[in-house]
Colleague: 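Take this structure first; my questions come after.
Note on naming: letters A, B, ... go to the chains in the order of the sequence lines (proteins, then strands), and numbering restarts at 1 for each one.
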Number of protein chains: 2
Amino acid sequence: MMTSEKLANIIRGRGYKLTPQRRAVLRVIARSRDHLTPGAIYERVRKEHPGIGLVTVYRMLELLADLNLTCRVHTEDGCRSYLMRRPSGHHHHIMCTSCGRVVDFTKCDLSELQQRVSEKSGFKIEGHLLQFNGLCQECREKTGAGGPFRTGKVW
Amino acid sequence: MMTSEKLANIIRGRGYKLTPQRRAVLRVIARSRDHLTPGAIYERVRKEHPGIGLVTVYRMLELLADLNLTCRVHTEDGCRSYLMRRPSGHHHHIMCTSCGRVVDFTKCDLSELQQRVSEKSGFKIEGHLLQFNGLCQECREKTGAGGPFRTGKVW
DNA sequence: TATTAATTGAAAAAGATTTTCAATTAACTC
DNA sequence: GAGTTAATTGAAAATCTTTTTCAATTAATA
Ligand SMILES: [Mn+2]
Ligand SMILES: [Mn+2]
Ligand SMILES: [Zn+2]
Ligand SMILES: [Zn+2]
């Protein structure tokens with residue numbers, strides 16, 4: 001669990017000033033279990049720190065991404081930079097195409113596939129992005145098997 | 001190989017009018033081996049069809065995505081909707097973090113992983129997004145092992 | 001050729017993100 | 001507890017990207 005205190009220490013440890021604005025952003029991100037847009041983060045942060053500028057939120061999000069403390073998730077249509085906290089090292093997500101809920105999973109062995117792809121393509125592979133898309137239990141129950149948002153899209 | 005003629009037939013077959021503007025967009029997309037932004041596509045299309053509106057390009061790209069004839073790729077930082085033609089059904093890509101080159105691969109068996117993730121999470125999984133990131137052979141040779149763009153980022 | 005619904009493109013609107021720059025302040029030193 | 005200083009902040013403007021509107025045009029069909 002990445003508390004905002006731990007995040008704060010990392011920030012300071014890297015030589016960045018720890019401002020009340022930054023603390024507020026850290027709290028919001030550390031606490032959320034969902035991915036949030038910059039705008040959504042801004043709205044939440046404002047409740048704890050009215051007067052904070054949207055620019056500051058953007059700058060903080062950039063810093064967090066640079067420090068690898070957040071990662072992006074990718075929605076089906078629009079592809080804005082949604083963010084979520086990253087609990088630990090390497091991880092992946094499942095996203096509900098209906099409600100947007102995101103669940104992490106960490107265990108995944110792609111090494112064999114990666115090896116084969118690397119050999120065939122000549123690439124030196126350094127990372128990957130893996131995200132399953134589907135319907136969460138709740139949405140399935142709510143809308144019946146399949147549900148109204150079922151697109152059948154394949155990535 | 002998806003020629004622009006084949007694409008044109010699909011478009012018409014689905015009951016859409018085949019305009020010179022649409023033909024021009026199809027040619028650009030079918031010919032390119034790279035992913036392109038809407039803006040980049042617009043620039044190229046203008047050379048063959050000066051006077052085409054950017055809006056028309058956007059509309060055509062939306063149509064192609066709806067018909068599942070294109071798919072998006074995701075760059076490391078900015079996450080705009082880059083597009084590339086989709087040669088056939090289900091597929092994935094490898095992207096060079098240095099030059100942006102994209103290579104497809106179609107063979108990948110995630111069914112076992114998908115099954116396990118589905119059981120654990122309760123999601124009904126309907127699709128996935130898989131993209132390896134790394135350095136292509138050319139960029140590796142050009143810049144030495146690792147290369148200057150190596151970020152070590154993990155998704 | 002006439003009909004008609006789909007398509008186009010200019011312009012405006014809406015959004016998202018970045019740049020600028022003067023004022024503020026966290027961290028450090030004395 | 002001051003004083004110093006470079007980093008940080010936020011208002012405003014600038015940039016970009018994407019969407020909406022709507023009147024004019026046109027591909028498809030008869
Ligand atoms: Mn994306
Ligand atoms: Mn991973
Ligand atoms: Zn759901
Ligand atoms: Zn390359």
Colleague: Within this structure, what is the CD1-to-P distance between B:Ile52 and C:dT8, rounded to whole angstrom?
Modeller: 8 Å
Colleague: Rounded to the nearest 0.5 Å, what's the gap from CG on A:Asn133 to CZ on B:Phe123? Could you check?
Modeller: 9.5 Å
Colleague: Drop me the distance from A:Leu113's CG to A:Ser118's OG, to the nearest 0.5 angstrom.
Modeller: 10.5 Å
Colleague: With respect to the phosphate group of C:dG9, does any side-chain polar atom (N or O) of B:Gln21 fall under 4.0 Å of OP1 or OP2?
Modeller: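 The answer is yes; a side-chain N or O of B:Gln21 sits under 4.0 Å from OP1 or OP2.
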Colleague: Distance check, rounded to the nearest 0.5 Å: B:Lys124 atom NZ versus A:Phe132 atom CZ?
Modeller: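 Answer for the NZ-CZ pair, B:Lys124 versus A:Phe132, is 13.5 Å.
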Colleague: Can you name the residues that form a side-chain contact (heavy atoms from CB on, under 4.5 Å) with B:Gln137, not counting sequence neighbours?
Modeller: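 Applying side-chain contact (heavy atoms from CB on, under 4.5 Å) to B:Gln137 gives B:Arg140, B:Glu141.
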Colleague: Could you tell me how far apart A:Tyr42 (OH) and C:dG15 (P) are, to the nearest whole angstrom?
Modeller: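 Rounded to the whole Å, the gap is 16 Å.
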Colleague: From B:Arg27 CZ over to B:Glu5 CD, what is the distance, rounded to the nearest 0.5 angstrom?
Modeller: 8.5 Å
Colleague: Could you state the atom-to-atom distance from CD of B:Glu62 to P of C:dA6 in whole Å?
Modeller: 16 Å
Colleague: According to side-chain contact (heavy atoms from CB on, under 4.5 Å), who are the partners of B:Gln115, at least two apart in sequence or on a separate chain?
Modeller: B:Glu119
Colleague: When the nearest nucleotide of DNA chain D is assigned to A:Val57 and to B:Leu54 on a heavy-atom basis, which residue is associated with the more 5' position?
Modeller: A:Val57
Colleague: When you match A:Leu63 and B:Gly39 each to their closest nucleotide on DNA chain D, which lands nearer the 5' end?
Modeller: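 Its nearest nucleotide lies further toward 5', so the answer is A:Leu63.
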Colleague: Could you go through residues 53-65 of chain A and list every donor-acceptor pair under 3.5 Å that involves a side-chain atom there, pairing it with any protein atom two or more places apart or in another chain?
Modeller:
none

Colleague: For B:Arg14 and C:dT7, what is the distance between atoms CZ and P respectively, to the nearest whole Å?
Modeller: 14 Å
Colleague: Can you identify which nucleotide, out of C:dT8, C:dT18, D:dT8, has its nearest atom closest to the A:Tyr58 side chain?
Modeller: C:dT18
Colleague: What is the distance, to the nearest angstrom, from the CZ atom on A:Arg12 to the P atom on C:dA26?
Modeller: 12 Å
Colleague: Using five base pairs at each end to define the local axes, how bent is the helix from C:dT1-D:dA30 to C:dC30-D:dG1, to the nearest 10°?
Modeller: 40°
Colleague: In this structure, how many angstroms lie between the C1' atom of D:dT18 and the CE atom of B:Met60, rounded?
Modeller: 18 Å
Colleague: Round to the nearest Å and state the distance from B:Leu61 atom CG to D:dT19 atom C1'.
Modeller: 14 Å
Colleague: With sugar-phosphate meaning primed atoms plus P, OP1 and OP2, does A:Arg23 contact a base, only sugar-phosphate, or nothing at under 4.0 Å between heavy atoms?
Modeller: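 The answer is nothing, as A:Arg23 stays clear of every strand by at least 4.0 Å.
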Colleague: Output a table of nitrogen or oxygen pairs between the protein and nucleotides 20-25 of chain C separated by less than 3.5 Å.
Modeller:
residue : atom : partner : partner atom : Å
C:dT25  : O2   : A:Lys17 : NZ           : 3.4

Colleague: Going from CD1 on A:Ile125 to OG on A:Ser111, what distance comes out if it is rounded to the nearest 0.5 angstrom?
Modeller: 11.0 Å
Colleague: I'd like to check the salt bridge (Lys or Arg N to Asp or Glu O under 4.0 Å) partners of B:Arg23; sequence neighbours left out, ordered by chain and number.
Modeller: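 Per chain and number, B:Arg23 pairs via salt bridge (Lys or Arg N to Asp or Glu O under 4.0 Å) with no residue.
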Colleague: Report the distance from atom CG of B:Asp66 to atom P of C:dT7, rounded to the nearest whole Å.
Modeller: 12 Å
